[in-house]
Amino acid sequence: MIDNILLGLNNVLLLPNILAILVGTVLGLFVGAMPGLSATMAIALLLPLTFGLDAATGISMLASLYLAAMYGGSIAAILLRTPGTPAAAATIVDGYPLAMAGKAGKALGVSLTSSFVGGVISAIALMTIAPTLGMLVLEFGPVELFAVAVLGITIIASLSQGSTIRGLFAGALGLLIAMVGMDITTGTPRFTYGVMNLFEGVPFTVALIGLFSIPQAIRLIQSDADMGKLVSKVSDRMLPTWAEFRHLLPNIVRSSGIGVMTGLVPGAGGDTACWFAYNEAKRFSKHKEKFGTGFIDGIAAPEAANNAVVGGALVPTIALGIPGSSSTAVLMGALMVHGILPGPTLMTEYAGVTYTLIWAVFFANFALLGIGLAFTRVSIYVTQIPNKIIAPVIIVLCVIGSFAINNSVFDVGLMLIFGILGYVFDRLKIPTAPMVLGLILGNMLDGSLHQSLLISDGSFMIFLESPISAVLLAVAAWSIIQNTPAGKWPAAALRRLFRRKQAD
Amino acid sequence: MPYVLVAAASCGLASLFFISSLTMQPAAYQMPRLLVALVFILTAAMLIDYAVQKRRKAAGQPLDEVAAPLFAPFFQGASIPRVAIFLGAVILYVVLLEPLGYFIVTPLFLLGTLLYLRACRLMVAAAIAAVAPVFVYFIFVWLLDLPVPMGIME
């Protein structure tokens with residue numbers, strides 16, 4: 001393991017990778033600062049660009065973008081009272097009042113410093129937890145891999161925002177669409193209907209560009225609700241004083257812990273962690289009454305937490321192949337584009353790429369601190385670019401990006417179909433992240449099911465005979481049942497019993 | 001209604017896949033058939049949930065935040081003509097991309113949509129329409145050696 005860690009460190013310090021981290025950080029900062037643009041969309045849009053790069057370089061760029069977008073989201077939250085990303089929603093509560101009080105620099109500086117500490121803590125967590133979990137996964141065979149894939153889809157479907165049934169439906173539809181193409185076991189073309197372009201299956205990169213970017217572009221133009229230009233300049237000092245930093249540190253460390261833990265849970269991302277950390281910071285604070293009035297503790301907590309989510313969310317992605325968030329689902333897609341299958345082989349066969357990614361997350365925090373200090377004032381102008389200018393440019397990037405994948409206009413059309421589907425799902429509050437995961441995990445699920453049934457002579461009992469698989473499938477079943485009326489009934493009955501006992 | 005249409009469309013897709021799987025070997029149809037069954041079950045569950053919420057709404061009971069969007073107008077808060085025209089422009093852009101090529105269609109698409117959306121003044125729109133395609137071309141082709149469709153400029 002030490003050899004691999006050193007290999008990753010050696011790789012990340014190569015000039016192309018350092019440049020990729022810097023470019024990813026700048027892009028992430030600007031994308032995060034633009035209200036309405038998400039990190040997931042930016043990663044999906046930039047994914048085709050990584051084709052022209054080495055796998056480790058491309059993934060490092062995307063991971064840095066993801067991390068920097070988390071901080072970038074706070075710029076719009078603080079200056080415009082509109083979160084640049086959903087993960088910055090809680091930052092508005094104290095960030096905006098502080099900016100309105102003429103201390104926008106201080107608000108942004110606290111956000112940047114907290115993001116930096118949160119990010120570093122999460123990178124350390126990633127570096128220690130992921131390899132340990134990865135070693136465990138090395139023991140997994142097809143039976144356990146099938147259970148892991150099932151667990152991934154059920155958990156992300158049940159925890160993603162909205163109804164569990166709709167999440168599961170989207171996941172199942174994604175899996176079904178992933179069945180299109182040549183069956184790897186029998187060589188039979190499945191559901192291709194004579195279309196040659198479908199013989200290799202539906203390219204999930206094309207699908208995820210469409211699902212994440214087209215709806216975003218339409219959302220930007222569908223109404224006239226452009227941002228009001230509320231705070232348009234930063235004139236005060238950015239970095240907090242040493243005394244302020246010392247005061248904030250326990251809060252930042254606690255919030256980072258919350259962020260890492262939230263990130264570890266598939267489906268729960270920065271948007272959950274920021275509110276969780278904000279509430280805990282308020283609960284622990286001696287000055288609860290100051291929260292909501294421009295209190296720096298109220299900025300530090302959500303910002304440390306949302307950056308700490310990045311490392312946490314990458315742990316199950318790298319070790320198990322279960323993405324912790326929609327952004328990591330797209331990052332997982334980026335790994336697969338380069339022929340790297342998430343799961344047991346990541347820590348062995350592709351250790352070079354994996355450990356480079358882990359180190360990239362670590363160093364991206366330092367890049368973020370430096371670039372954040374240098375470019376935050378510039379990025380204020382980015383927040384003022386009208387949405388109606390950004391939307392057509394996003395479309396151009398979607399079209400050219402999806403064309404570049406296979407040099408095919410057919411893929412562009414496919415991207416557009418997925419884009420329209422994504423918009424319809426968005427309007428009906430059907431989550432698209434489980435669908436993407438279904439598209440990504442479909443072939444792994446199919447292959448592992450087939451191998452498992454070959455081992456067991458066609459008996460499905462094999463999934464219950466392996467203790468690991470049985471436990472994982474039980475957790476998957478529990479994650480669904482607890483969201484149904486049948487699952488909610490025992491909890492409600494317990495609550496009633498508890499209340500009755502209290503009343504007695 | 002759009003919710004029911006999505007359910008019907010997914011059932012249609014699942015049925016089509018099931019019929020196609022009838023001619024496949026067992027190893028090839030095992031997983032797809034499982035998924036077809038799953039899609040049917042979940043679609044049914046979605047529709048039952050929809051019916052229950054609809055009855056609750058009719059009875060004047062409050063809906064939770066997960067169910068409420070199901071009964072909101074599909075284009076709530078959105079300008080339907082603007083979405084339709086923008087999507088139409090995107091479709092036209094994709095259709096004309098291969099025959100005419102990137103360097104003709106992209107500036108036209110950008111200029112047309114920016115002016116239609118009244119995103120900026122004519123000169124700014126023209127500048128964006130001229131510079132953005134070159135910038136994207138520079139990144140994709142010169143820097144990363146990725147293809148863009150050149151059409152009649154091939």
Side-chain angles (χ1 to χ4, degrees), chain A residues 48-49 51-53 161-163 165-166 168-169 172-173 175-177 179 183 185-186 188 190-191 193 214 217-219 221-225 386-389 391-393 395-397 399-401 403-404 407 409 412-413 415-416 419-420 423-425 427-430 442 445-446 449-450 453, chain B residues 2-3 6 10 13-14 16-17 20-21 24-25 27-32 34-36 38-39 42-43 45-46 49 66-67 69-70 74-75 77-79 82-83 86-87 90-91 93-94 97-98 102 106 109-110 113-114 117-120 128 132-133 136 139-140 143-149:
Chain A
L49 290 184
F51 286 173
L53 301 170
Q161 285 179 338
S163 127
I165 296 173
R166 280 176 248 163
L168 288 170
F169 164 77
L173 205 58
L175 284 171
L176 191 62
I177 295 170
M179 295 300 108
D183 173 37
T185 330
T186 59
T188 316
R190 294 189 297 198
F191 319 119
Y193 305 105
I214 299 283
I218 300 174
R219 271 197 298 268
I221 60 101
Q222 68 186 6
S223 68
D224 287 315
N387 288 343
K388 289 173 188 165
I389 291 182
V393 177
I395 297 289
V396 171
L397 287 173
V399 168
I400 300 308
F403 177 85
N407 200 355
V409 174
V412 182
M415 180 276 299
L416 199 56
I420 294 168
Y423 182 68
V424 172
F425 274 26
R427 301 301 296 185
L428 297 174
K429 301 286 178 245
I430 300 172
L445 202 69
D446 191 20
L449 174 76
H450 186 72
L453 292 180
Chain B
Y3 195 66
V6 166
S10 57
L13 182 77
L16 182 68
F17 277 23
S20 307
S21 77
M24 290 176 192
Q25 299 171 44
Y29 71 59
Q30 242 161 6
M31 188 72 196
L34 268 174
L35 293 171
V36 163
L38 198 60
V39 168
L42 289 166
T43 309
M46 269 169 57
D49 181 46
V66 174
L70 297 182
F74 185 75
F75 283 106
S79 157
R82 191 186 294 171
V83 171
F86 185 71
L87 261 179
V90 175
I91 293 169
Y93 174 41
V94 171
L97 188 66
E98 196 167 39
Y102 169 78
T106 306
F109 168 75
L110 284 173
T113 47
L114 288 173
L117 295 169
R118 294 182 187 167
C120 49
I128 294 170
V136 173
I139 301 277
F140 274 76
L143 218 60
L144 298 166
D145 206 20
L146 294 168
V148 297

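Sequence lines set the chain letters: A, B, ... in the order given, protein chains first and strands last, and positions in each chain run from 1.
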- Item | Atom group of B:Val136 that falls short of 4.5 Å from chain A, counting heavy atoms | side chain
- Residue selection (most heavy-atom pairs with chain A, distance under 4.5 Å) from B:Ser21, B:Pro32, B:Pro133, B:Ser79: B:Pro32
- Message: Given heavy-atom pairs under 4.5 angstrom as the criterion, report whether the side chain, backbone, both or neither of B:Thr106 touches chain A.
- Response: side chain
- Message: Run the side chain to side chain donor-acceptor pair (under 3.5 Å) test on A:Thr188 and B:Tyr29 for me, step by step, so that the C-alpha distance in whole Å, both residues' side-chain angles and the decisive distance to 0.1 Å come before the verdict.
- Response: CA-CA 10 Å; A:Thr188 316; B:Tyr29 71 59; over 6 Å; no
- Note on the structure: Ranking A:Ile214, A:Thr186, A:Leu53, A:Ile221 by heavy-atom pairs under 4.5 Å to chain B gives rank one to A:Ile221
- Evaluate the criterion side chain to side chain contact (heavy atoms under 4.5 Å, CB included) for residue pair B:Phe86 and A:Lys388; output intermediate values, then yes/no. CA-CA 11 Å; B:Phe86 185 71; A:Lys388 289 173 188 165; over 6 Å; no
- Item | Under 4.5 Å from a heavy atom of chain A, the part of B:Leu34 involved | side chain
- Check step by step if side chain to side chain contact (heavy atoms under 4.5 Å, CB included) holds for A:Val399 and B:Tyr102. CA-CA 10 Å; A:Val399 168; B:Tyr102 169 78; over 6 Å; no
- A:Leu173 side chain near B:Leu13 side chain, heavy-atom distance below 4.5 Å: yes
- Counting heavy-atom pairs under 4.5 angstrom with chain B, the leader among A:Gln222, A:His450, A:Met415 is A:Gln222
- Query: Would a 4.5 Å heavy-atom cut-off, applied to side chains only, mark B:Tyr93 and A:Val396 as touching?
  - Reply: yes
- Query: Any idea which of B:Cys120, B:Ala45, B:Ala27 has the most non-hydrogen atom pairs under 4.5 angstrom with chain A?
  - Reply: B:Ala27
- Item | Nearest-0.5 Å distance that lies between atom CD in B:Glu98 and atom CZ in A:Phe403 | 6.5 Å
- Message: When you compare the side chain of A:Ile395 with that of B:Thr113, does any pair of heavy atoms fall below 4.5 Å?
- Response: no
- Item | Side chain / backbone / both / neither for B:Leu87 at chain A, heavy atoms under 4.5 Å | side chain
- Engaged part of A:Ile400 at the chain B interface, taking heavy atoms whose separation is under 4.5 Å: both
- Approximate separation, where rounding is to 0.5 Å, of B:Asp49 CG and A:Ile165 CD1: 4.5 Å
- From the list B:Ile128, B:Leu97, B:Ile91, B:Val83, the residue making the most non-hydrogen contacts under 4.5 Å with chain A is B:Val83
- Message: Would you call the rings of B:Phe17 and A:Tyr193 parallel, tilted or perpendicular, taking 30° and 60° as the class edges?
- Response: tilted
- Please look at A:Leu449 and chain B and tell me whether the side chain, the backbone, both or neither of the residue comes under 4.5 angstrom of a heavy atom of that chain. side chain
- Item | Side chain proximity check, B:Pro2 to A:Leu428, heavy atoms < 4.5 angstrom | yes
- Query: Which one of B:Leu38, B:Leu42, B:Val90, B:Val36 has the most heavy-atom pairs closer than 4.5 Å to chain A?
  - Reply: B:Leu42
- Note on the structure: Taking every heavy atom of B:Ala14 against every heavy atom of A:Leu176, the minimum-distance pair comes out as CA-CD2, 4.2 Å
- Item | Atom group of B:Met46 that falls short of 4.5 Å from chain A, counting heavy atoms | both
- Query: By a 4.5 Å heavy-atom criterion (distance strictly below it), what part of B:Leu117 contacts chain A: side chain, backbone, both, or neither?
  - Reply: both
- What part of B:Phe109 gets closer than 4.5 Å to chain A, counting heavy atoms only: side chain, backbone, both or neither? side chain
- Flag the pair B:Met31 / A:Met179 as yes when at least one side-chain heavy-atom distance between them is below 4.5 Å, and no otherwise. yes
